[in-house]
Structure formats: C-alpha cells, structure tokens
Engineer: 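One structure, as structure tokens, below. Some questions next.
Whatever order the structure lists them in is the order used to number ligands and atoms, beginning at 1. Computed from a prediction, not measured in an experiment: that's the story for all the values here.
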Amino acid sequence: MTYDAIILGAGGAGLMAAATAGQAGARVLVIDHVEKAGKKILISGGGRCNFTNMGTEAGCFLSENPHFAKSALSRYTQWDFLALVEAHGIAWHEKTLGQLFCDGSARQIVAMLLDECAKGRVEVRLSTPVGRIEHADGRFRVGGATAPALVVATGGPSIPKMGATGLAYDIAAQFGVKVVTPRPALVPFTLGARDQGFKDISGVSCPAVARVGDAIFAEAALFTHKGLSGPSVLQVSSYWRPGQAVSLNVLEDAAAKLRDARSRMPRAHLKAALAEHLPTRLADALATRIGLATELGNASDRVLDEVAQTLTDLTFQPTGTEGYAKAEVTAGGIDTAALSSRSMEAREVPGLFFIGEAVDVTGWLGGYNFQWAWSSGVAAGQEI
Ligand code: FDA
C-alpha cells in the first residue's frame with residue numbers, strides 16, 4: 001500500500017501529526033506495536049491528563065539548543081490545543097501553576113485525537129511491530145507500506161512496561177542522525193547510607209525549594225523508602241548529573257523561626273521547634289541529622305544561624321535515580337541540530353521527521369511535555 005506518510009507511534013505526538021496531515025488531505029498510516037493508542041496519555045496526570053500548561057514557552061524546556069522549540073511552540077500554542085479540547089466539549093480546570101487537566105478522564109483526550117484522526121481518514125494500525133525500515137528512491141518502506149515521508153514519534157525509553165522503547169535512536173543511527181545521550185528525567189532520586197535517616201521517613205512530604213546547580217523549583221518534596229521524590233525534586237532531577245548534590249530548603253525564614261522558638265520555649269529542643277512547622281517525622285530526622293545537643297535557650301545566635309543554614313540548604317548526595325522504570329520522561333534524544341525547527345524534518349534525510357519526546361526537547365513537569373508533543377506533531381503534520 002502506498003501512503004503520503006507513515007507515522008511510527010500512536011502517542012500524543014504521532015496522533016497529532018497524523019490528524020493534521022490527514023485533515024490536510026494526506027493519506028496517512030500510523031503504526032504502533034502496542035494494542036492501545038495513547039497509552040501514556042491514559043495514565044498521565046493521575047488519569048486526568050495534564051494536557052498543557054498556560055505558561056508554556058521555550059524557557060520551560062531543556063535542550064542542547066534552548067531556542068529550537070520556539071518555532072513549533074509559537075505556531076501551535078497552548079491556546080490552540082485548549083481550543084481543540086473545548087471544541088470537543090471536554091471540561092477542564094486549572095489545578096495549579098498553569099496546569100490544565102480534564103475534569104473527567106484522560107480517555108477523553110485520546111478519544112479526541114482519534115476522532116481528529118478519523119476526520120482525516122488516518123489509518124491506525126495497532127499491535128503491529130515496525131520491523132525493518134527500508135529507504136530507496138526517496139521512499140520509506142515499513143512492512144508492506146511505502147511513503148515519501150516517515151515520521152518517527154516513538155517517544156523515549158521511559159516506562160518500558162507501557163511499550164516505550166529506544167526505537168527512535170535506532171532509526172536515527174540507521175540514517176546517520178546524531179543523538180544527544182538520553183537519560184531518565186522527571187525521576188525520583190535514590191539515596192544511600194549517608195542519608196539513611198530520611199529513607200526511614202518514607203511517605204512524608206513538605207513544601208520545599210529544591211535546587212541542583214542553578215535549577216531551582218518550589219513545590220512539594222516527598223521522602224520515599226528509596227530516596228527523594230515529589231514535584232520539586234522531579235523538576236530538578238532533569239538537570240541532575242551523577243555526582244551532583246541535591247539541596248532542599250525545607251524551612252523558609254528558618255533563622256527568624258528558630259529565634260522566635262528560642263524566646264517562646266527556651267527549655268525545648270530543636271525537634272519541638274521544627275515540629276511547629278514541619279511534619280513530626282521530618283522534624284525528628286532533621287534534629288537527628290543536625291545533632292544540636294542543648295536546649296534552645298542555650299543556643300547562641302551563631303549556632304541557631306548554622307542550624308538555619310542547614311535547614312535552608314539541606315544537601316543530599318543521591319546514589320542515582322530510579323531510572324527509566326520510573327522516569328516520567330527521557331531527556332536528550334534526537335539532536336536538534338540535525339532537524340529543521342520549523343518542520344522537524346532531518347536536514348540530511350529529506351522526508352524523515354522526528355517529533356515529540358524522541359527529540360532532545362524535554363519539558364518541565366506540569367503539562368509542558370504534552371504541549372511539545374502537540375506542537376511538534378503539528379509542525380511535522382503541516383509539512384507532509
Ligand atoms: P509516547 O511515548 O506517548 O508515544 C510513543 C508511542 O510509540 C507509544 O504508543 C509506543 O507504544 C510507540 N512505540 C514505542 N516504541 C515502539 C516500537 N519499537 N515499535 C512501535 N511502536 C513503538 N506529560 C505531560 O505533559 N502531562 C502529564 O500529565 C504527564 N503525565 C505523565 C505521567 C506518566 C506516568 C508518564 C510516564 C509520563 C507523563 N507525561 C506527562 C509525559 C508524556 O506522557 C510524554 O512526554 C508524552 O506522552 C510524549 O509523547 P510522544 O507521542 O512523543 O511519545
């Protein structure tokens with residue numbers, strides 16, 4: 001069978017590209033090896049899909065080229081996607097920090113995308129392995145199908161049990177397209193013996209400003225039996241490289257709060273002062289780590305300032321991350337230097353496109369990654 005485009009991957013990016021191209025009149029085939037389209041959409045946002053972020057701009061993405069995403073993001077914006085959601089009568093709400101979720105279910109987003117594909121007469125073939133890709137005389141052949149355009153929308157290897165693979169990187173290698181070394185991102189950290197006291201308070205969370213190098217995010221942090229998680233920690237994990245420390249500010253204005261506690265309850269110990277502001281088990285773990293032996297009334301300003309410094313810059317030395325099994329996304333991927341930022345087409349291989357998470361463009365937590373899937377999908381879909 002001949003098509004105008006073959007799209008590999010029926011995730012957010014692939015379906016968006018397919019619908020866009022199909023509705024413009026192209027004959028499009030989508031191939032995916034799993035049995036259901038949009039599996040990651042279905043599990044996203046706790047089943048309600050955080051489908052975009054109203055604050056989306058290129059600065060919310062990591063990439064070797066921080067300018068690359070600008071073109072696609074500005075030509076298909078968060079407002080464009082929201083208009084599509086509203087046109088399908090899907091009720092939504094803003095949860096926090098510009099994050100938009102379905103009121104009902106993520107299934108509505110998948111149904112919407114499949115409906116848009118149907119409007120464009122897109123053929124979606126599920127439970128179909130991709131196999132060998134051949135390329136001759138300007139046409140790509142996958143299985144029995146051929147087309148002058150091949151769009152690789154197979155994402156990254158995060159969450160293999162959902163069907164994620166590194167196929168995009170293999171295809172890049174086949175066609176001589178460079179790849180920025182992929183790594184798990186938006187991923188919990190594992191801690192070692194040095195931080196054991198915090199592994200013992202698994203399940204405790206608190207507001208915290210997390211920092212890795214220059215990357216700083218203020219949201220909640222969560223202590224787990226393996227280490228650290230929670231939104232602020234996941235955000236900085238995308239910037240983390242092995243060997244770097246992770247710092248948490250768990251108590252804003254710690255110095256003033258400690259002095260206030262000292263004047264109100266001089267016979268109390270540090271744990272009691274901390275428990276006024278933090279979960280008891282965390283207060284306990286912090287007091288143990290800090291090891292202030294005296295009652296608060298006996299602590300000098302200098303000592304309290306040192307304690308405050310520890311609380312606002314509590315450092316952890318991760319032994320690693322929980323890896324692709326738990327990473328919400330994969331950072332790195334197809335090198336943007338090899339792609340046109342307008343169309344996502346490989347500069348050296350006419351007709352070959354890479355979109356979505358497969359590309360070295362990784363969003364913050366909060367709907368940015370789906371917006372990239374939609375925007376890059378539309379960019380390629382308009383070109384084929
Ligand atoms: P995606 O991975 O969605 O799709 C790729 C498709 O290719 C899949 O259908 C897969 O089966 C197929 N495929 C892979 N290898 C193949 C092969 N070898 N042969 C054939 N087919 C193959 N983002 C966000 O913005 N808001 C959110 O709420 C969330 N929540 C969230 C929760 C969880 C648990 C995870 C794991 C991730 C998120 N994300 C998110 C991230 C978001 O899901 C992700 O960035 C997008 O789904 C990426 O879309 P793509 O279409 O690029 O890849």
Side-chain angles (χ1 to χ4, degrees), residues 6-18 29-53 55-56 60-62 78 81 92 95 97-102 106 109-110 113-114 124-133 142-143 151-171 184-188 229 231 234 238 322 324-331 333-334 344 353-378 380-381:
I6 300 169
I7 298 181
L8 306 181
L15 293 177
M16 200 68 184
L29 170 68
V30 178
I31 301 176
D32 200 301
H33 66 162
V34 299
E35 74 297 348
K36 236 192 247 170
K39 272 187 138 185
K40 279 196 182 164
I41 299 174
L42 294 173
I43 58 158
S44 69
R48 289 218 162 88
C49 187
N50 176 194
F51 56 78
T52 193
N53 192 296
T56 301
C60 309
F61 294 82
L62 290 81
Q78 54 272 44
F81 191 76
W92 58 273
K95 198 165 170 190
L97 303 168
Q99 301 167 5
L100 304 194
F101 287 76
C102 299
I109 298 292
V110 176
L113 293 170
L114 290 174
V124 181
R125 248 183 239 169
L126 300 173
S127 304
T128 306
V130 168
R132 229 171 95 81
I133 296 168
V142 183
V151 181
V152 183
T154 50
S158 55
I159 322 278
K161 70 172 188 230
M162 301 296 302
T165 71
L167 177 64
Y169 315 141
D170 299 339
I171 297 174
L186 298 180
V187 62
S229 187
L234 295 178
S238 300
E322 290 197 40
Y324 288 120
K326 289 286 161 64
E328 206 160 286
V329 288
T330 303
I334 308 306
M344 307 292 135
F353 297 76
F354 291 91
I355 56 175
E357 194 177 319
V359 179
D360 173 34
V361 173
T362 306
W364 292 348
L365 188 76
Y368 302 96
N369 285 298
F370 278 135
Q371 186 57 46
W372 171 246
W374 320 137
S375 299
S376 60
V378 169

Engineer: Report, in ascending order of atom number, the atoms of ligand 1 lying under 4.0 Å from any heavy atom of Gly356.
Structural biologist: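 Under 4.0 Å from Gly356, ligand 1 has these atoms: 52 (O).
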Engineer: With no hydrogens and no angle check, is any side-chain donor or acceptor of Asn50 less than 3.5 Å from a backbone partner on Gly367?
Structural biologist: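 Present.
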Engineer: Decide yes or no on side chain to side chain donor-acceptor pair (under 3.5 Å) for Ser158 and Glu357, but give the supporting numbers first.
Structural biologist: CA-CA 10 Å; Ser158 55; Glu357 194 177 319; 3.2 Å; yes
Engineer: So which atom in Asn369 and which in Trp364 form the shortest heavy-atom distance, rounded to 0.1 Å?
Structural biologist: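 Heavy-atom minimum between the residues: ND2-O, 3.5 Å.
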Engineer: Are Leu234 and Ser229 packed together at the side-chain level, in the sense that at least one heavy-atom pair is separated by less than 4.5 angstrom?
Structural biologist: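 Leu234 reaches Ser229 side chain to side chain.
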Engineer: Compute the minimum heavy-atom distance from Ser158 to ligand 1 and say whether it is under 4.0 Å.
Structural biologist: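 No.
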Engineer: Could you check which of Phe101, Phe370, Tyr324, Trp374 puts a non-hydrogen atom nearest to atom 25 (O) of ligand 1?
Structural biologist: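 Result: the heavy atom closest to atom 25 (O) of ligand 1 is in Phe370.
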Engineer: What I want to know is whether Gly12 and ligand 1 share at least one N or O pair that is separated by under 3.5 angstrom.
Structural biologist: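 Between Gly12 and ligand 1 (N or O atoms, distance only) the closest approach is under 3.5 Å.
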Engineer: Decide if the gap between the ring center of Phe370 and the ring center of Trp374 is smaller than 6.0 angstrom.
Structural biologist: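 They qualify: ring centres under 6.0 Å apart.
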Engineer: For ligand 1, which atoms sit closer than 4.0 Å to a heavy atom of Val130?
Structural biologist: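 Atoms satisfying the 4.0 Å criterion: 19 (N), 20 (C).
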Engineer: Report the part of Asn369 in contact with ligand 1, treating N, CA, C, O as backbone and CB onward as side chain, heavy atoms under 4.0 Å; options are side chain, backbone, both, neither.
Structural biologist: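 Looking at Asn369 and ligand 1, atoms from backbone and side chain both fall under 4.0 Å.
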Engineer: Please could you name the atoms of ligand 1 that Ile159 approaches to less than 4.0 Å, counting only its heavy atoms?
Structural biologist: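 Ligand 1 atoms under the 4.0 Å threshold to Ile159: 36 (C).
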Engineer: Of all the non-hydrogen atoms in the protein, which one sits nearest to atom 15 (N) of ligand 1, and at what distance?
Structural biologist: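 The protein heavy atom lying closest is Thr165 OG1, 2.6 Å.
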Engineer: Can you pull out the closest protein heavy atom to atom 52 (O) of ligand 1? Residue, atom name and distance to 0.1 Å, please.
Structural biologist: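 Checking every protein heavy atom, the shortest distance to atom 52 (O) of ligand 1 gives Glu357 N, 2.8 Å.
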Engineer: Around atom 5 (C) of ligand 1, find the nearest protein heavy atom and jot down its residue, atom name and distance.
Structural biologist: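 Answer, as residue, atom name and distance: Ala153 O, 3.4 Å.
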Engineer: Return a yes/no value for Gly45: is any of its N or O atoms, backbone included, closer than 3.5 angstrom to an N or O of ligand 1?
Structural biologist: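 There is such a contact, yes.
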Engineer: I'd like to know if the side chain of Thr128 reaches the main chain of His33, judged simply by a donor and an acceptor atom lying under 3.5 Å from each other, with no hydrogens or angles considered.
Structural biologist: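 No; zero donor-acceptor contacts below 3.5 Å.
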Engineer: Numbering the atoms of ligand 1 from 1, which are under 4.0 Å from a heavy atom of Ala13?
Structural biologist: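 In order of numbering, the contacting atoms are 51 (O), 52 (O).
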Engineer: Just which atoms of ligand 1 are under 4.0 Å from any heavy atom in Lys40?
Structural biologist: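 Under 4.0 Å from Lys40, ligand 1 has these atoms: 2 (O), 3 (O), 43 (O), 47 (O).
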Engineer: Heavy atoms, side chains only, cut-off 4.5 Å: are Arg125 and Val30 in contact?
Structural biologist: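 Answer no - side chains too far apart.
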Engineer: Could you give all pairs that pass the salt bridge (charged side-chain N to carboxylate O under 4.0 Å, His left out) test and reach residues 38-51, with sequence neighbours left out?
Structural biologist: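 Of all non-adjacent pairs touching residues 38-51, those that pass salt bridge (charged side-chain N to carboxylate O under 4.0 Å, His left out) are Glu35-Lys39.
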Engineer: Would you mind running through ligand 1 and noting each atom that sits below 4.0 Å from a heavy atom of Val34?
Structural biologist: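 Those qualifying, in numeric order: 11 (O).
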Engineer: Which of the numbered atoms in ligand 1 are under 4.0 angstrom from any heavy atom belonging to Tyr368?
Structural biologist: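 With Tyr368 as reference, the close atoms of ligand 1 come out as 25 (O).
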Engineer: Under a 3.5 Å distance rule, please check whether Trp372 uses its side chain to pair with a backbone N or O of Gly356 as donor and acceptor.
Structural biologist: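 Between the backbone of Gly356 and the side chain of Trp372 there is a qualifying donor-acceptor contact (under 3.5 Å).
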Engineer: Looking only at side chains, do Thr56 and Gln371 share a donor and an acceptor under 3.5 Å apart?
Structural biologist: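 No, Gln371 and Thr56 have no side-chain donor paired with an acceptor closer than 3.5 Å.
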Engineer: In the protein, which heavy atom is nearest to atom 33 (C) of ligand 1, and how far is it?
Structural biologist: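 Answer, as residue, atom name and distance: Glu328 CG, 3.6 Å.
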Engineer: Counting C-beta onward and ignoring hydrogens, is there a side-chain heavy-atom pair between Phe61 and Thr362 closer than 4.5 Å?
Structural biologist: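 In short, these two side chains do not touch, never coming nearer than 4.5 Å.
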Engineer: Taking the side chain as C-beta and beyond, is there a heavy-atom pair between Ile31 and Val142 under 4.5 Å?
Structural biologist: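 Ile31 vs Val142: side chains touch.
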Engineer: For Ile43 and ligand 1, does the shortest N/O to N/O distance drop below 3.5 Å?
Structural biologist: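 N/O-N/O distance below 3.5 Å does not exist for this pair.
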Engineer: Measuring from the heavy atoms of Val329, does anything fall under 4.0 Å of ligand 1?
Structural biologist: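 Per 4.0 Å heavy-atom rule, Val329 contacts ligand 1.
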Engineer: Nearest protein heavy-atom contact for atom 26 (N) of ligand 1: which residue, which atom, what distance?
Structural biologist: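 The answer is Asn50 O, 2.9 Å.
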Engineer: May I ask you to decide if Gly366's main-chain N or O and Asn53's side chain share a donor-acceptor pair within less than 3.5 Å?
Structural biologist: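 Yes, because the side chain of Asn53 sits within donor-acceptor range (under 3.5 Å) of the backbone of Gly366.
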Engineer: May I ask you to identify the nearest protein heavy atom to atom 30 (N) of ligand 1, giving residue, atom name and distance to one decimal place in Å?
Structural biologist: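 Protein heavy atom with the smallest distance to atom 30 (N) of ligand 1: Ser44 CB, 3.2 Å.
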Engineer: Among all the protein's non-hydrogen atoms, which is closest to atom 4 (O) of ligand 1, and how far away is it?
Structural biologist: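 The closest heavy atom on the protein side is Gly11 CA, 3.5 Å.
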Engineer: What protein heavy atom is closest to atom 12 (C) of ligand 1, reported as residue, atom name and distance in Å?
Structural biologist: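 Answer, as residue, atom name and distance: Asp32 OD2, 3.1 Å.
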